[in-house]
Structure formats: C-alpha cells, structure tokens
Amino acid sequence: MKKSIRQSRIEQLINQYPIGTQEDLMRHLKDIGIKATQATISRDIREMQVVKAQDGHGHLRYTIFKPGNKSEEEHLRETINEVVIGLTRIEFMNVIRTLPSNGNLLAAILDDLKLPEVVGTLAGHDTILVISPNAEVAQQLNDEIAENMNPDIVH
C-alpha cells in the first residue's frame, strides 16, 4: 500500500476514534484491511506530526499537530497561554511545566518553528527542557514565554 494512502487512513482513524497507542492504531488499521509493522506506524506518526494530547474527557489520544489557518507563532502563543503552568530558567536552559499530557504537544510546536532561541527540546508528560545557545538567549525565550502565560493557571 502506498504511504500516502496509509497516512490518509491513519489521519481518518485518529480523527474518528480515541486512539492512544500504536497498538490501538495498528488494530484499527487491520480492521480496515491495512497491514503495517510497528516500525512503519512509528515512522508515519513522526512524519505526520502525530502527538498525544488530552481530550475533553481527560483521556490521552493521538492528535495531528496542525496549526490550521493560524500562523505557527500565533499557535505557539495560544498553546503557551492554555497549557503552561510554570517556567524556570537555568543558565542556558528553560524548564517549562505544562498541564498533564501537554509536554509533547508544546515541544512539537517549538521544534517545528525552528526558532533561533531553541537548539533542542526534550519533552515528557508535563515538562519540557528547552536548550538555548547561551544564557542571554535563554533569558529572551523565557521572557517571551512568560509574556504569553495565563496568570490564572500558573502554579
């Protein structure tokens, strides 16, 4: 099967069902007659920018990162406002705390923007480590993030 067709089906499944694991995704694909290995699914997930995010019911599920009609920078600002609950700068790094299950989503946005302030990110369930080229640039990034944080959800 062509990759484009498989990825199109993956997108349909992710939008239709609350899929939270590669195993769930493989099972749904098999149900519609598409056989794929775990390695292929993993590659598709990475290429399609599929991340785990919490849905309205508090469950983790795959979602496809798409900024839509918004600029990527606007999407970053909105996401910071919605999910960031803490921010600490340590030398040339920033530690960003998010609401549960939102670390990977925010890190994906930061990575995709290819900001000069970001050399790399390391994301977990609710924490992101953002590495900058130096302490001065890390402070600039810290100021930008702090400016967009929602004071009502900061812990």
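The structure presented is a predicted model; accordingly, all values stated were derived computationally and were not measured.
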Within the distance-only criterion (no hydrogens, no angle test), does the side chain of [X] pair as donor or acceptor with the backbone N or O of [Y] below 3.5 angstrom?
X	Y	result
Asn81	Arg77	no
Asn94	Ala138	yes
Lys52	Ser101	no
Arg43	Ile45	no
Arg61	Ile14	yes
Asn102	Pro100	yes
Thr98	Gly103	yes
Thr79	His75	yes

| task | Mind jotting down which residue pairs meet the salt bridge (Lys or Arg N to Asp or Glu O under 4.0 Å) criterion with at least one end in residues 112-141? Sequence neighbours excluded, please. | result |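 Checked against salt bridge (Lys or Arg N to Asp or Glu O under 4.0 Å) - neighbours excluded - the pairs reaching residues 112-141 are Arg97-Asp126.
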| query | Could you give the distance from CG (Asp44) to OG (Ser42), rounded to the nearest 0.5 Å? | reply |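 Asp44 atom CG to Ser42 atom OG measures 9.0 Å (nearest 0.5 Å).
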| message | Distance check, rounded to the nearest 0.5 Å: Asn142 atom CG versus Leu87 atom CG? | response |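 So the CG of Asn142 and the CG of Leu87 are separated by 4.0 Å.
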List the atom pairs, with distances to 0.1 Å, where a side-chain N or O of residues 23-36 and a protein N or O form a donor-acceptor pair under 3.5 Å, not counting sequence neighbours.
from  : atom 1 : to    : atom 2 : distance (Å)
Asp24 : OD1    : Arg27 : NH2    : 3.4
Asp24 : OD2    : Thr21 : OG1    : 3.4

| said: Could you check whether any side-chain heavy atom of Ile96 comes within less than 4.5 Å of a side-chain heavy atom of Leu110, counting everything from C-beta outward? | reply: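 The answer is yes, as the side chains (C-beta and beyond) meet within the 4.5 Å cut-off.
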| side-chain hydrogen bond (donor to acceptor under 3.5 Å, both in side chains) with Asp111: which residues, sequence neighbours excluded? |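 Applying side-chain hydrogen bond (donor to acceptor under 3.5 Å, both in side chains) to Asp111 gives Thr121.
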